[in-house]
Amino acid sequence: MVAKNEKIILSIETSCDETAAAVLSVRLGKKWPQIKTLSSVVNSQIGLHAKMGGVVPEAAARAHVQNILPVVKKTLLEAGISQLDGRQVVIYEDLLKKIDYIAVTVGPGLAPSLIVGVEFAKALSFALGKPILPINHMLGHLYSPLKNNKGSKAKDVFPMVSLIVSGGHTILTLLKNEKEYRVLGQTVDDAAGEAFDKVAKLLSLPYPGGPEVSKLATLGKPTINFPRPMLTQKNYNFSFAGLKTAVLYYLRDNPLMPKSYKLKANLCSSFQQAVVDVLVAKTMRAAKEFKAKSISLSGGVSANLELRNQLRNSCNKNHFKFFVSPIKLCTDNAEMIGIAAAFKLFNGFKPTGYKNIKTNSNLSL
Ligand code: KG4
Ligand code: ZN
């Protein structure tokens, strides 16, 4: 039985190299949206792109074309919206009708990848006669930590300072409430995740580099004093390209270093600590300046345990509530797209028909 104010959202995400779909049940009322994830499937193309050392856009799009239907079918099956008939997954029309909205990432991201998800969602919207919610991928990251708001009232949460750290973006945002936000600052060159990936490449670690660098960092100590770019500047922008170059020069000047596992681990730990110091310091400064009640952390780099722990400790010390997603919600997935869709509906957004939906690979927050 579906409750009166309960809506079912099927969300789709194909902005980079993950083909993902999720089904969420959302209760919308006057209070904060109550969100239950019925299923979430992520098909990662890591194996495909690892061979090339990074994401190849055309290969990513071709893989999305191959994966999208099986991923959506599996998601529906796991949500109980489709049923197994022998060995074949059969999506029954009457069960599909339970879906109220189709949410899809329209940008930012790789244009060939975005097109696959968006055109698939449009075809589904046409076939089912259900409206589409176009979602900004960064809003997915931004709202994802708010899903598990266990009983906090909006007045105890906002204003909120939100740090989004992903492979393509590093953005500090101020949320006045569930609806109104403004960007305080962002990276002027490389994103934090991009810096992790580039440092991993310098150390010949496999793609994607972020998790590899952080794994190695757990075995080392921050013995090298790398620069903390823009740490003391009185703005909320970031810069990580220089830090990556500092690692490059360090490796050039210490050619024997990469041969020692221990030294490599120390380098990873030192680089990671430099990134964490800048991210934590600027986020805390913003939270104090704007008298925030809470801080949230999201995006692929928020899977980094040192960043999570050090920002959490700083929040505890300074009496800010801290919101962070479980690790599986940090890197790209469709559940976060459904969460952002739920907040959009909660905020009064009116979904449209499929004809008005377009991709925008440079969409900003
Ligand atoms: O949000 P995301 O999945 O994709 C984008 O929207 O960009 O973020 C991917 C980024 C990659 O740069 C990856 O290396 C980084 O997140 N990442 C990490 C960790 N896990 C993923 N960086 C540092 N430490 C991690 N544990
Ligand atoms: Zn992302």
Side-chain angles (χ1 to χ4, degrees), residues 11-20 22 40 42-46 49-50 53-55 57 60 105-110 113-114 117 135-145 162-171 186-187 190-203 205-220 238 240-241 243-244 247 268-269 271-276 278-280 296-311 324-337 339-340 361-365:
S11 52
I12 293 168
E13 152 67 39
T14 63
S15 67
C16 189
D17 60 343
E18 264 94 24
T19 317
S40 177
V42 180
N43 182 308
S44 172
Q45 303 172 7
I46 283 177
H49 301 295
V55 181
T105 304
V106 291
L110 302 171
S113 290
L114 287 165
I135 304 295
N136 182 324
H137 179 86
M138 303 317 293
L139 270 192
H141 283 307
L142 182 81
Y143 281 118
S144 58
S162 168
L163 175 66
I164 312 173
V165 268
S166 71
H169 297 79
T170 303
I171 310 178
Q186 47 195 313
T187 182
D190 291 356
E194 197 178 349
F196 267 95
D197 295 339
K198 286 178 175 168
V199 165
K201 236 182 189 171
L202 293 175
L203 292 170
L205 296 171
Y207 164 88
E212 298 294 327
V213 170
S214 68
K215 235 187 283 165
L216 207 48
T218 58
L219 306 171
F238 302 92
F240 295 107
L243 177 56
K244 170 208 66 195
V247 173
C268 287
S269 170
F271 161 77
Q272 178 175 268
Q273 193 53 52
V275 175
V276 170
V278 177
L279 293 174
V280 171
S296 75
L297 173 66
S298 62
V301 184
S302 68
N304 185 284
L305 293 182
E306 275 308 313
L307 176 60
R308 291 167 83 91
N309 292 340
Q310 293 187 34
L311 190 56
V324 66
S325 300
I327 302 279
K328 71 175 172 50
L329 253 185
C330 294
T331 45
D332 289 350
N333 62 85
E335 193 180 340
M336 69 181 198
I337 302 306
I339 296 169
S361 51
N362 296 316
L363 192 62
S364 56
L365 197 60

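Because the structure is a prediction, the values reported are computed rather than measured. Atoms within each ligand, like the ligands themselves, are counted from 1 in listed order. Atom set for the values below is all heavy atoms of this structure, side chains included, hydrogens, waters and symmetry mates excluded.
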Problem - ligand 1 N/O within reach of G209 N/O, cut-off under 3.5 Å - result: no
Practice task
Identify, with sequence neighbours excluded, every residue that meets salt bridge (charged side-chain N to carboxylate O under 4.0 Å, His left out) alongside E18.
Solution key: none
Handout entry: Closest approach of V275 to A192 (non-hydrogen atoms, all atoms of both residues)
Key = CG1-CB, 4.4 Å
Problem - H169 versus Q186, side-chain donor and acceptor atoms under 3.5 Å - result: no
Problem - Identity and distance of the protein heavy atom lying nearest atom 4 (O) of ligand 1 - result: D332 OD2, 3.1 Å
Practice task
Check which protein N, O or S atoms are less than 2.8 Å from the Zn ion (ligand 2) and report how many there are.
Solution key: 3
Problem - N/O separation below 3.5 Å, G193 to ligand 1 - result: yes
Practice task
Quick one: list whatever passes ring pair (Phe, Tyr, Trp, His ring centres under 6.0 Å) with F271, sequence neighbours left out.
Solution key: F196
Exercise for the section: Could you tell me whether some N/O pair between P208 and ligand 1 is separated by less than 3.5 angstrom? Expected result: no
Problem - Polar atom proximity, G210 to ligand 1 (N or O, under 3.5 Å) - result: yes
Handout entry: Structural part of E18 in contact with ligand 1, heavy atom criterion under 4.0 angstrom
Key = neither
Report all side-chain donor-acceptor pairs from residues 296-305 shorter than 3.5 Å, counting only partners two or more places apart or in another chain.
| unit_1 | atom_1 | unit_2 | atom_2 | d |
| --- | --- | --- | --- | --- |
| S296 | OG | S162 | OG | 3.1 |
| S298 | OG | H141 | O | 2.9 |
| S302 | OG | G299 | O | 2.5 |
| N304 | OD1 | E306 | N | 3.1 |
| N304 | OD1 | L307 | N | 3.0 |
| N304 | ND2 | Q272 | OE1 | 2.8 |

Handout entry: Heavy-atom gap H169 to ligand 1 smaller than 4.0 Å
Key = no
Exercise for the section: Could you tell me whether ligand 1 has any atom less than 4.0 Å away from a heavy atom of H137? Expected result: yes
Problem - S214, portion touching ligand 1 at heavy-atom distance under 4.0 Å - result: side chain
Exercise for the section: Could you tell me if any non-hydrogen atom of C16 lies under 4.0 Å from any atom of ligand 1? Expected result: no
Problem - atom 7 (O) of ligand 1: nearest protein contact (heavy atom, Å) - result: G167 N, 2.8 Å
Completion exercise
Min over V213, D17, D197, V199 of heavy-atom distance to atom 14 (O) of ligand 1 lands on D197
